[in-house]
Amino acid sequence: MLKGIGIAALILSCWGMGMYFGWRLKERRSRLSAIRLFIGELSGRIRTGSEIGDIISEIGDRAGITYESLTPSFEADYLLKNDKKLLSEFLEGLGLGDTESQCERCRVYSDLFLRQETSAAEQAKEKSGLYGKLGIFSGLFIAVMLV
C-alpha cells in the first residue's frame, strides 16, 4: 500500500515538473506579447511629448519594466538570453533621439519582438505537451527501476 502511494507520488511529481516546464514556455510567449504591447503604447505616448520615465512608470508594470534612478530595468523571468539582450538594447536607446526617430525605433523593435513571440508560440505549441509526457514516462521509468 505504502509502496503504491510512493510510486504514485513519484509519477505525479515527475509529471508536475514536465507541466511546469511547458507552462514556462507559454509564460515566455505571454511576456513577449506584453512587451510588444508596451512598446506599441510607448510609441503612442512618445508623440505626446511626455517624459520617458513617466511613461514607463505608468504603463511598464504589465510588461515587468520599471524606471528607477533614471535607468530602465526589467523583470527577466521566463525570457531567454536573446529576449533579454533585445529588451536591454531597446531600453538603453530610449530618449536618445527626436520623436520621429523614437517612434521608428519602437516600430522596429515591435517587429523584432513579434518575431520572438511567434517563435515562442510555436515552441510552446510543440513542446508543452511533450514535456508533460516526458515527465510521466520518466516517472514511470524511475518507478520501474526502483521496483
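Quick caveat, the model's predicted, so the values are computed rather than measured.
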F141/M145 under side-chain contact (heavy atoms from CB on, under 4.5 Å): CA gap, chis, key distance, verdict: CA-CA 6 Å; F141 177 74; M145 295 304 286; 3.9 Å; yes
Trace of the side-chain contact (heavy atoms from CB on, under 4.5 Å) decision for L32 with L79: CA-CA 8 Å; L32 289 171; L79 299 178; 4.0 Å; yes
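- Using cut-offs of 30° and 60° for the angle between ring planes, the F90 and F38 rings count as perpendicular.
- Cluster annotation: M17 and L25 are assigned to the same hydrophobic cluster (Ile/Leu/Val/Met/Phe/Trp/Tyr, side-chain heavy-atom contacts under 4.5 Å, transitive).
- Partner of Y109 under the side chain to side chain contact (heavy atoms under 4.5 Å, CB included) criterion, chosen from L91, L86, L42: L86.
- In this structure, the side chain of S33 does not engage the main chain of R29 through any donor-acceptor pair within 3.5 Å.
- S30 contributes atom OG, which lies 8.0 Å from atom CH2 of W23 (distance to the nearest 0.5 angstrom).
- Between the D83 side chain and the L80 main chain, a donor and an acceptor come within less than 3.5 Å of each other.
- In this structure, the separation between CD1 on I136 and SG on C14 is 10.0 Å, given to the nearest 0.5 Å.
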Derivation of the side-chain contact (heavy atoms from CB on, under 4.5 Å) call for R28 and R24: CA-CA 6 Å; R28 175 180 173 243; R24 284 182 61 93; over 6 Å; no
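- Residues that satisfy the side-chain contact (heavy atoms from CB on, under 4.5 Å) test with R36, not counting sequence neighbours, are S110, F113, L114, E117.
- Closest of all the heavy-atom pairs between S43 and C103 is O-SG, 3.7 Å.
- To the nearest 0.5 Å, atom NZ of residue K26 and atom CZ of residue R31 are 16.0 Å apart.
- Under a 3.5 Å cut-off, the side chain of S128 and the backbone N or O of A124 do form a donor-acceptor pair.
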Worked check of side-chain contact (heavy atoms from CB on, under 4.5 Å) between Q102 and R105: CA-CA 5 Å; Q102 289 298 304; R105 179 181 178 81; 4.3 Å; yes
Stepwise salt bridge (charged side-chain N to carboxylate O under 4.0 Å, His left out) test for R107 and E104: CA-CA 5 Å; R107 188 190 63 74; E104 179 63 23; 2.5 Å; yes
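- To the nearest 0.5 Å, atom CG of residue L87 and atom CD of residue E92 are 9.5 Å apart.
- One hydrophobic cluster, built from ILVMFWY side chains closer than 4.5 Å, holds both I39 and L112.
- Atom NZ of K3 and atom CG of L146 lie 9.0 Å apart (nearest 0.5 Å).
- A donor-acceptor contact shorter than 3.5 Å links the side chain of S13 to the backbone of L10.
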